[in-house]
Amino acid sequence: MEIKSENTEEKKSLNFIENIIDEDIKTGKNSGIVYTRFPPEPNGYLHIGHAKSICLNFGLAEKYNGKCNLRFDDTNPAKEDIEYVDSIKEDIEWLGFKWEGEPKFTSDYFDKLYDFAVTLIKKGKAYVCELSPEEMREYKGTPTSPGKDSPWRNRSIEENLSLFEKMRNGDFEEGKYLLRAKIDMSSPNMHMRDPILYRIKYANHHRTGDKWCIYPMYDFAHGQSDYFEGITHSVCTLEFEVHRPLYDWFTDQLATTEYKPRQIEFARLNLNYTIMSKRKLLELVEDKHVTGWDDPRMPTVSGLRRRGYTAESIRNFSEKVGVAKRDGIIDVALLEHSIREDLNLKADRIMGVLNPLKVIIDNYPEGKDEILEAVNNPEDESKGIREVPFCKVLYIEKEDFMENPPKKFFRLGINSEVRLRYAYFVKCTHVVKDEKGEITEVHCTYDPESKGGKSPDGRKVKGTLHWVSAKHAVKTEVRLYDRLFTVENPGGDKEKDFKEFLNKDSLKVNESAMLEPYVKNVKPGQQFQFERLGYFCVDKDSKTDNLIFNRTVTLRDSWTKNNN
RNA sequence: UGUCCUGUGGUGUAAUUGGCAACACAUCUGAUUUUGGUUCAGAAGAGUCUAAGUUCGAGCCUUAGCGGGACAACCA
């Protein structure tokens, strides 16, 4: 009793899907197997909402010793493209997940699905309909009023069989005929009102080419694909909830054993100050509001990656947001917390000045250089130290100097003393201004005894500033990103287009930041903390002679936050 | 004038199945600090949408309301 807590790892509460799986395992459903799948349509890039789904599906498989397939839901050749297939694979791998075997494609099952359709026709459960789109709408009814039977609903099985075959053979023009399931036109669930199984589409498919001119609809493909692959838990988002009876209807027709996949719906991820709709993201790309799918302001996986988000931070974030069935909006602050938490431990620190202000140390010998030592990462001693050059003329951040500072300003002001990190204590004596009254030089004296930043006589200073030696500084481009939208829910306004809420200042390019010479041989993708400023990563377009850094996120800042 | 889903601090998720509402983020103090970062200590903030009922006891069960969302693409 007294030692019982030893291995009583406090039980982490399960989400509702895990509860369902636990129950299924307990009752031996589907032989206790857990097999999930992530089924993107290759019509756009993956975003952070997909990342949540990926973490969920692959995570479930890992947790329960199961498997997870990657399956491209490619039943609509008009919208899909191989470019998206490739980016999706790349993103999933980057996130750190491995799908079972080869990637699967719904198009792999076109033959099987066709055969299944024929079987349904033979059972009298499907028919060829020739209602026009307008008529279809009319016959379908509305959510609050029942539909009515199609006049083509009672063709003979032979006729249906022959018409369907002609549809497949390309004997009809596009849109002329449809294959529909015969279910119930008066069902309160619109999806059960004789849903469309196949439509004619003379489009070249990115995998099957011109082999088919009829393509199955989502509802006629998804559950069946799950079934063909042996999926046990088919996790999808809430909007498919109303499709579930249809999912079950088809898989019931297919099932010959005890095995049957089960669809479970959860609430998709929403983030404030951003949009998650693929259509809208595509619009931003096409209208050039951003530079591409991987623009660092985009909530896409590739955008976040370029912005400097780590896979681990995204996985942690997905864990933190949880899984449930109620719709909500997550605060981006949680995402930002996740990346700071990760980078605080991983990113080496360097000093860089975004808005340089020249500092001249009057009592420092002209022409003298010194090499100072700086700690790379105070959170990780194994990262060691590096050398930073120091000399008479330096740059500090403009914001770090005020002629008439308010009382709690710990930084540099006339007659005040601060520490230059890893260097010396300096005291400002006077400033030089240009004709416009702008400060152009800050003159200081330094205390030679305080080398390394240690107070020689126990004297304390409140502020520590980052700085860069002017002579050694590397001028670089730094891209400062801010949220893409100015309002919390840009997609939520029924009157206004979401693009009206675009933040005009979401990108500020600073081409004259000064960085310590350590950055000379950085490579794209490398990440750093610029001390006191934030986390930055080397952009993919960065070149040795033309460095480009992206700001991933600022450091938490309790000073500016409380002062404006 | 329908069907389905869903209502717990500012936000998101819990409460091991009926036992005095917990965790994270955000917020605010204070300490430490060669990053106004990190870390540490602490505070404030919900009585669980409403009403009635069952029960010794309800966030969990029942009923009725109310709020939010989804569904009428030959999209997924």
Side-chain angles (χ1 to χ4, degrees), chain A residues 11-15 19 39-41 43 73-76 78-80 106 129 131-133 136-137 140-147 174-180 187-193 196-201 214-215 217-219 221-222 236 238-245 265 267 269 272 278-279 319-331 333-338 340-341 344-345 349 351 374-375 378-379 408-411 419-423 425 450 452-455 461-466 529-534 554-563:
Chain A
K11 231 182 284 175
K12 251 206 99 207
S13 60
L14 303 177
N15 64 48
N19 279 323
E41 182 188 11
N43 68 343
D73 215 341
D74 55 353
T75 57
N76 186 4
K79 290 185 180 174
E80 296 149 7
T106 300
C129 182
L131 252 24
S132 70
M136 273 289 279
R137 211 173 308 126
K140 190 125 191 183
T142 70
T144 53
S145 62
E174 199 164 299
K176 181 80 179 152
Y177 290 85
L178 292 168
L179 184 70
R180 301 175 67 183
S187 169
N189 183 333
M190 296 288 289
H191 298 277
M192 299 300 273
R193 320 237 261 231
I196 298 168
L197 269 32
Y198 272 94
R199 76 281 211 191
I200 299 170
K201 231 179 179 83
I214 56 172
Y215 292 94
M217 299 289 287
Y218 165 85
D219 283 310
H222 203 96
C236 62
L238 250 28
E239 67 268 30
F240 292 101
E241 204 147 26
V242 278
H243 293 244
R244 193 176 349 120
E265 312 85 11
L269 172 71
N272 58 9
K278 272 203 241 182
R279 200 205 86 232
E319 188 62 40
K320 283 188 234 254
V321 300
V323 180
K325 294 194 74 163
R326 78 175 118 146
D327 256 311
I329 302 178
I330 305 281
D331 195 336
L334 187 61
L335 217 210
E336 296 179 344
H337 169 261
S338 301
R340 287 192 187 108
E341 184 183 42
N344 177 44
L345 266 22
R349 268 119 249 231
M351 291 196 285
V375 174
E379 305 293 326
K408 289 197 109 180
F409 188 78
F410 300 157
R411 310 174 186 184
R419 170 171 35 234
L420 294 178
R421 182 145 227 229
Y422 300 123
F425 281 20
S450 63
K454 286 180 268 296
S455 45
V461 286
K462 272 293 212 177
T464 300
L465 270 40
H466 61 277
Q529 181 196 103
F530 290 5
E531 295 227 23
R532 307 212 299 136
L533 295 176
T554 61
L555 249 33
R556 282 186 62 191
D557 183 354
S558 48
W559 167 246
T560 53
K561 191 168 62 187
N562 293 319
N563 287 278

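So you know, we letter chains A, B, ... as the sequences are listed, proteins then strands, and number each from 1. Not measured: the values here are computed from a predicted model.
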TODO: Using a 4.0 Å heavy-atom cut-off across all strands, classify A/V323 as base, sugar-phosphate, or nothing.
DONE: sugar-phosphate
Task: Any side-chain heavy-atom pair of A/R421 and A/R532 under 4.5 Å - done: no
Open item on the list: Can you tell me if A/H191 touches the phosphate of B/C71, counting only side-chain N or O atoms and a distance under 4.0 Å to OP1 or OP2?
Closed with: no
Open item on the list: For the C1' atoms, the ones on B/A58 and on B/G53, what distance do you get once it is rounded to whole angstrom?
Closed with: 11 Å
Open item on the list: Considering every strand and a 4.0 Å limit on heavy-atom distances, what is the contact class for A/P378: base, sugar-phosphate, or nothing?
Closed with: base
Task: Closest listed nucleotide, where the reference is the side chain of A/E379 and the choices are B/G36, B/A72, B/G37 - done: B/G37
Open item on the list: Please pick, from B/C25, B/U35, B/U13, the nucleotide with the shortest atom-to-atom distance to any side-chain atom of A/L555.
Closed with: B/U35
TODO: Just call it for A/I330: base, sugar-phosphate, or nothing, with non-hydrogen atoms closer than 4.0 Å on any strand.
DONE: sugar-phosphate
TODO: Could you let me know what B/U62 is paired to, Watson-Crick or G-U wobble, both distances under 3.5 Å, or none if it's on its own?
DONE: B/A52
Open item on the list: Does this structure show an ion pair linking A/K325 with A/E241, if we count only N-O contacts that are shorter than 4.0 Å?
Closed with: yes
TODO: Pick base, sugar-phosphate or nothing for A/L131, based on heavy-atom distances below 4.0 Å to the nucleic acid.
DONE: base
Task: B/U62 and B/C5, which share atom name P, separated by this distance in whole Å - done: 13 Å
TODO: With heavy atoms under 4.0 Å as the rule, sort A/F409 into base, sugar-phosphate or nothing.
DONE: base
Open item on the list: What's A/E41 touching, base or sugar-phosphate or nothing? Going by heavy atoms closer than 4.0 Å.
Closed with: sugar-phosphate
Open item on the list: Expressed as a whole number of angstroms, how long is the span from A/N15:CG to B/U6:P?
Closed with: 15 Å
Open item on the list: In whole Å, measure the gap between the C1' atoms of B/G65 and B/C28 for me.
Closed with: 39 Å
Task: Closest listed nucleotide, where the reference is the side chain of A/T464 and the choices are B/G36, B/A24, B/U38 - done: B/G36
- [ ] From the options B/G36, B/C5, B/G2, select the nucleotide whose nearest atom is closest to the side chain of A/R532.
- [x] B/G36
Task: Rounded distance in Å - CZ (A/R326) to C1' (B/U48) - done: 10 Å
TODO: Could you tell me which nucleotide pairs with B/A22 by Watson-Crick or G-U wobble geometry, both distances under 3.5 Å, or answer none if nothing does?
DONE: B/U13
Open item on the list: Need one value for A/F240: base, sugar-phosphate or nothing, where a base atom within 4.0 Å counts as base even if backbone is also close, heavy atoms only.
Closed with: base
Open item on the list: Looking at B/A76, I'd like to know if its phosphate oxygens (OP1 or OP2) sit under 4.0 Å from a side-chain N or O belonging to A/T75.
Closed with: yes
TODO: Considering only atom C1', compute the distance from B/U55 to B/U13 and round it to an integer number of Å.
DONE: 29 Å
Task: Span that lies between the C1' atom of B/A15 and that of B/U48, in whole angstrom - done: 11 Å
- [ ] Look at the side chain of A/M190 and decide which nucleotide, out of B/G36, B/A72, B/A14, has an atom nearest to it.
- [x] B/A72
- [ ] State the pairing partner of B/U39; accept Watson-Crick or G-U wobble contacts with both distances under 3.5 Å, and report none otherwise.
- [x] B/A31
Open item on the list: So, does A/R279 get its side chain near the phosphate of B/C75, meaning an N or O under 4.0 Å from OP1 or OP2?
Closed with: no
- [ ] Specify the separation, in whole Å, of atom CD of A/E336 and atom C1' of B/U27.
- [x] 16 Å
- [ ] Give a yes/no answer on whether the side chain of A/K201 brings an N or O atom under 4.0 Å of OP1 or OP2 in B/C75.
- [x] yes
Task: Parallel, tilted or perpendicular: rings of A/H243 and A/H191 (30°, 60°) - done: tilted
- [ ] Check whether any side-chain nitrogen or oxygen of A/R556 sits under 4.0 Å from OP1 or OP2 of B/U38, and answer yes or no.
- [x] yes
Open item on the list: Over all strands shown, is A/G328 touching base, sugar-phosphate only, or nothing at heavy-atom distances under 4.0 angstrom?
Closed with: sugar-phosphate
Open item on the list: To the closest 0.5 Å, what do you measure between CD1 (A/I329) and CG (A/N272)?
Closed with: 7.0 Å
Open item on the list: Can you tell me which nucleotide in B/C75, B/U3, B/G37 comes closest to the side chain of A/M217?
Closed with: B/C75
Open item on the list: Using the C1' atom as the point on both nucleotides, what is the distance between B/G7 and B/G59, in whole Å?
Closed with: 11 Å
Task: A/D73 side-chain N/O to A/T106 backbone N/O, donor-acceptor pair under 3.5 Å - done: no
Open item on the list: Distance check, P atoms only: B/G30 and B/A44, in whole angstrom units.
Closed with: 16 Å
Task: A/R244/A/E265 salt bridge by N-O under 4.0 Å criterion - done: yes
- [ ] Round to the nearest Å and state the distance from A/D331 atom CG to B/G12 atom C1'.
- [x] 9 Å
Task: Check: A/E531 main-chain N/O paired with A/R349 side-chain donor or acceptor under 3.5 Å - done: no
Task: C1' spacing across the pair B/A21 / B/G36, given as an integer number of angstrom - done: 36 Å
- [ ] In whole angstrom, give the distance that lies between atom CG of A/D219 and atom C1' of B/A73.
- [x] 12 Å
Task: A/R199 side-chain N/O to B/C75 phosphate OP1/OP2 under 4.0 Å - done: yes
Open item on the list: Applying the 5.5 Å / 30° rule, does A/Y218 stack onto the base of B/A76?
Closed with: no
Open item on the list: Any side-chain N or O of A/S145 below 4.0 angstrom from OP1/OP2 of B/A72?
Closed with: no
Task: Interatomic distance where NE2 belongs to A/H243 and C1' belongs to B/C71 [whole Å] - done: 7 Å
Task: CE on A/M217 to CG on A/L179, rounded to 0.5 Å - done: 11.5 Å
Open item on the list: What's A/R137 touching, base or sugar-phosphate or nothing? Going by heavy atoms closer than 4.0 Å.
Closed with: sugar-phosphate
Open item on the list: With a 3.5 Å distance limit and no angle check, can you tell me whether A/S450 reaches the backbone of A/F425 through a side-chain donor-acceptor pair?
Closed with: yes
Task: Pairwise distance CD1(A/I214) to CG(A/L178) - rounded to 0.5 angstrom - done: 11.0 Å
TODO: Identify, between A/E239 and A/H222, the residue whose nearest nucleotide on RNA chain B lies closer to the 5' end.
DONE: A/E239
Open item on the list: Once you apply a heavy-atom cut-off of 4.0 Å, does A/I329 come out as touching a base, just sugar-phosphate, or nothing?
Closed with: sugar-phosphate
Open item on the list: Applying a 4.0 Å non-hydrogen cut-off, can you work out what A/E241 is touching in the nucleic acid: base, sugar-phosphate, or nothing?
Closed with: sugar-phosphate
Open item on the list: Counting the atoms with a prime plus P, OP1 and OP2 as sugar-phosphate, which does A/Q529 contact under 4.0 Å by heavy atoms, base, sugar-phosphate, or nothing?
Closed with: base
Open item on the list: Expressed as a whole number of angstroms, how long is the span from A/E319:CD to B/A24:P?
Closed with: 15 Å
- [ ] For A/R349, answer base if it contacts any base atom (sugar-phosphate contacts may also be present), sugar-phosphate if it contacts only those atoms, and nothing otherwise; contact means non-hydrogen atoms under 4.0 Å.
- [x] base
TODO: Send over the distance from A/R421 CZ to B/U33 C1', rounded to a whole Å.
DONE: 9 Å
Task: Partner nucleotide, any strand, of B/C4 [Watson-Crick/G-U, under 3.5 Å] - done: B/G69
- [ ] Could you pick out which residue, A/L334 or A/G322, lies toward the 5' side of RNA chain B when each is mapped onto its nearest nucleotide?
- [x] A/G322
TODO: Would you mind classifying the nucleic acid contact of A/N189 as base, sugar-phosphate or nothing, using non-hydrogen atoms under 4.0 angstrom?
DONE: nothing
